[in-house]
Amino acid sequence: MATVKPFKGIRPPQELVEQVASRPYDVLNSDEARAEAAGNEKSLYHIIKPEIDFPAGTDEHDPRVYEKAAENFRKFQEKGWLVQDEKACYYIYAQTMNGKTQYGLVVGAYVPDYMNGTIKKHELTRRDKEEDRMKHVRVNNANIEPVFFAYPDNPALDAIVSRYTAGKPVYDFIAPGDGFGHTFWIVDNDADIAAITKAFAAMPSLYIADGHHRSAAAALVGAEKARLNPHHRGDEEYNYFMAVCFPAGQLTIIDYNRVVKDLNGLTPEAFLAALQQHFTVEEKGAEPYKPAALHNFSLYLEGVWYSLTAKPGTYNDNDPIGVLDVTISSRLILDELLGIKDLRTDKRVDFVGGIRGLGELKKRVDSGEMKVALALYPVSMKQLMDIADTGNIMPPKTTWFEPKLRSGLVIHKLD
């Protein structure tokens, strides 16, 4: 059963939220963060991308950079740009993209739930990325950015959320750049807080949607603090980390596509001929072709779009991993034909989030940077949850969630 708790969030005053709030640390590079934060000393990038306060080219993993994050976090609180709530609350965070709104509950998720598998994963993590985020959590003694969870749809929670979101929000703004809406309410009524805690306690599992490295880092630091505290009781704040939990039925997974630098020595004609062993190949012309259903793929090569449909027998509908289009394409195209064995390490392949559209795939091939592009039909939330429930791990770069959580709306301190 899932354990969650309310917490005393650290938040910007209403009039400063748009200056403080930022994109997540891992969706932009240092130069982009420096440009976005230019002229804005209140930008959260000074805490989550503190290398922007050093000369360009400074290693973001330099110990001075982590210390600068903590220094800036202290400064933000001293100047009143971030203020801690007096009462432990839950929060509701709504995101609106293309006219569709999803409503998340911001909670303190329980570290032991991550360790014992109640909080379920669907991706492997890299130790170097975990260690980077662990250093950031340690030096700030806080979860500056939330992780993104899904939970099974729950009418009781829907009713509570609906009641609050009918009222006036604390924050309500459109983010620059992406144009997505971000709205925020505080759940401070004791009966509602108890009802939320009880509803989560009846859930067998929570699911990491996005933020596997942040989840791992937050949980590992919490467990580390427990281990090092001779008077550990189990109810300390470090036993929890900040998560925004959305009903699975409200979430949309966007496709995550592939571009490859070369055809592994094959001519375009030979490559297309080889594809016909496992796929029905149809030429679609110069207009972008989007995959129409599961097991249908879109290929762009030398100015022409193709539809590829996996033939019966090339996949097993009863295998939760084998049935995935990322598995089919990785096995039968990237590995068998193009010689790409490891998606994590091979420099010949790159990945493009579907939010960028098929035009981005066309651009990268037409420029000559890449030789061929492959677009996939997106994974469903049901597939993701089934895989997590069976203890399986998805192949790399399978899911792309959008919109991304805005950072800086609320922060969770570990003491």
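The shown structure was predicted, so the numbers you read here are calculated from the model rather than taken from an experiment. Start at 1 with the first residue, then count along the sequence.
N154 approaches M203 most closely through the heavy-atom pair ND2-CE, 3.9 Å. Smallest separation of non-hydrogen atoms from T118 and P204: CG2-O, 3.5 Å. Closest approach of D262 and L338 over heavy atoms only: O-CD2, 4.0 Å. Nearest heavy atom pair, residue H213 against residue T125, reads NE2-CA, 3.5 Å. Listed here is the closest heavy atom pair of Y207 and D389: OH-OD1, 2.7 Å. Among all heavy-atom pairs drawn from T390 and P320, the shortest one is OG1-CG, 4.1 Å.
A donor-acceptor pair under 3.5 Å is absent between the side-chain atoms of E236 and the main chain of A226, judged by distance alone. Side-chain atoms of D178 come within 3.5 Å of backbone atoms of F180 as a donor-acceptor pair (strictly under, hydrogens ignored). Proximity of a side-chain donor or acceptor of E67 to a complementary backbone N or O of P63 within less than 3.5 Å is not detected. Judged by distance alone, the side chain of T398 and the main-chain N or O of M394 form no donor-acceptor pair under 3.5 Å. With hydrogens and angles disregarded, a donor-acceptor distance shorter than 3.5 Å links the side chain of D113 to the backbone of T3. H122 contributes a side-chain N or O that, together with a main-chain N or O of I208, makes up a donor-acceptor pair within less than 3.5 Å. In this structure, D153 contributes its side chain and G249 its backbone to a donor-acceptor pair below 3.5 Å. With hydrogens and angles disregarded, no donor-acceptor distance shorter than 3.5 Å links the side chain of T96 to the backbone of G99. Side chain of N143 to backbone of M242: a donor-acceptor contact under 3.5 angstrom is found. In terms of modelled atom types and a separation under 3.5 Å, the side chain of Q95 and the main chain of K404 share a donor-acceptor contact.
Remark: E237 engages K5, F7, H412 in a side-chain contact (heavy atoms from CB on, under 4.5 Å) (not counting sequence neighbours). In this structure, D59 has no salt bridge (charged side-chain N to carboxylate O under 4.0 Å, His left out) partners at least two apart in sequence or on a different chain. Listed by chain and number, the residues in a side-chain contact (heavy atoms from CB on, under 4.5 Å) with R331 amount to none (sequence neighbours excluded). Here F401 pairs with F148 under the ring-ring contact (aromatic ring centres under 6.0 Å, His included) rule; sequence neighbours left out. Taking T345 as the reference, D342 meet the side-chain hydrogen bond (donor to acceptor under 3.5 Å, both in side chains) condition, with sequence neighbours excluded. The salt bridge (charged side-chain N to carboxylate O under 4.0 Å, His left out) test applied to R356 returns no partner, not counting sequence neighbours.
Looking at R64 and P50, their side chains never come closer than 4.5 Å, going by heavy atoms from C-beta outward. The side-chain heavy atoms of R348 and N264, taken from C-beta on, include a pair separated by under 4.5 Å. Looking only at side-chain heavy atoms (C-beta outward), T183 and Y93 stay at 4.5 Å or farther from each other.
Taking the six-membered ring for Trp, F184 and Y91 have ring centres closer than 6.0 Å. In this structure, the ring of Y103 has its center no less than 6.0 angstrom from the ring center of F246.
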I'd like a table of donor-acceptor pairs (distance under 3.5 Å, sequence neighbours excluded) in which one partner is a side-chain atom from residues 28-35, with atom names and distances.
from	atom 1	to	atom 2	distance (Å)
N29	OD1	D31	N	3.1
N29	OD1	E32	N	2.8
S30	OG	E51	OE2	2.7
D31	OD1	R34	NH1	3.2
E32	OE1	N29	N	2.9
R34	NH2	E51	O	3.2
R34	NH2	F54	O	3.3

Please tabulate, for side-chain N and O atoms in residues 17-27, each donor-acceptor pair with protein atoms closer than 3.5 Å (sequence neighbours left out).
from	atom 1	to	atom 2	distance (Å)
R23	NE	E36	OE2	3.1
R23	NH2	E36	OE2	2.4
D26	OD2	R214	NH2	3.4

Would you list the atom pairs, donor with acceptor, under 3.5 Å between side chains in residues 301-309 and any protein atom, with sequence neighbours excluded?
from	atom 1	to	atom 2	distance (Å)
E302	OE2	K371	NZ	3.1
S307	OG	N296	ND2	3.0
T309	OG1	N296	ND2	3.1

(request) Given salt bridge (charged side-chain N to carboxylate O under 4.0 Å, His left out), test K68 with E71 step by step and report yes or no. (result) CA-CA 5 Å; K68 187 67 174 176; E71 178 190 321; 3.1 Å; yes

(request) Dump the intermediate steps for side chain to side chain contact (heavy atoms under 4.5 Å, CB included) on L299 and V372, then the final yes or no. (result) CA-CA 7 Å; L299 185 86; V372 64; 3.5 Å; yes

(message) Would Y151 and F200 count as a ring pair (Phe, Tyr, Trp, His ring centres under 6.0 Å) here? Give the steps.
(response) CA-CA 9 Å; Y151 63 84; F200 275 97; 5.3 Å; yes

(message) Could you walk me through whether V221 and F241 satisfy the side chain to side chain contact (heavy atoms under 4.5 Å, CB included) test, starting with their C-alpha distance in whole Å, then the side-chain angles of each, then the deciding distance to 0.1 Å, before giving a yes or no?
(response) CA-CA 10 Å; V221 170; F241 61 99; over 6 Å; no

(message) side-chain hydrogen bond (donor to acceptor under 3.5 Å, both in side chains) for Y377 and S298? Distances and angles first, verdict last.
(response) CA-CA 9 Å; Y377 192 76; S298 167; over 6 Å; no

(request) Given side chain to side chain contact (heavy atoms under 4.5 Å, CB included), test Q383 with L294 step by step and report yes or no. (result) CA-CA 12 Å; Q383 284 180 305; L294 207 58; 4.1 Å; yes

(request) Determine, stepwise, if the pair R11 / D85 fulfils salt bridge (charged side-chain N to carboxylate O under 4.0 Å, His left out). (result) CA-CA 8 Å; R11 304 182 292 107; D85 288 331; 2.9 Å; yes

(request) Please report the C-alpha distance between I144 and H136 in whole Å, then the side-chain angles of each, then the deciding distance to 0.1 Å, and finally whether the side chain to side chain contact (heavy atoms under 4.5 Å, CB included) criterion is met. (result) CA-CA 9 Å; I144 303 293; H136 197 266; 3.8 Å; yes

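Within a 6.0 Å sphere centred on NZ of K8, other residues, nucleotides and ligands contribute 12 heavy atoms or fewer. Residue K100 places its NZ atom among more than 12 non-hydrogen atoms of other residues, nucleotides or ligands, all under 6.0 Å distant. For CD of E15, the number of neighbouring non-hydrogen atoms (other residues, nucleotides, ligands) closer than 6.0 Å is greater than 12. Counting heavy atoms of neighbouring residues, nucleotides and ligands inside a 6.0 Å radius, atom NZ of K75 exceeds 12 of them.
The cationic group of K397 does not satisfy the cation-pi geometry with W400, failing either the under 6.0 Å distance to the six-membered ring centre or the 45° limit from the ring axis.
Each side-chain hydrogen bond (donor to acceptor under 3.5 Å, both in side chains) pair with one or both residues in residues 314-328, not counting sequence neighbours, appears once here: H295-D325. Residue pairs meeting the salt bridge (charged side-chain N to carboxylate O under 4.0 Å, His left out) criterion with at least one member in residues 131-145, sequence neighbours excluded, are R127-E131, E131-R138, R138-E224. Note on residues 273-285: pairs passing side-chain hydrogen bond (donor to acceptor under 3.5 Å, both in side chains), not counting sequence neighbours, are H278-E336.
Under the 3.5 Å distance criterion, with hydrogens and angles disregarded, no donor-acceptor pair is assigned to the side chains of N40 and Y45.
The aromatic rings of F76 and H46 are tilted relative to each other, their planes meeting at an angle between 30° and 60°.
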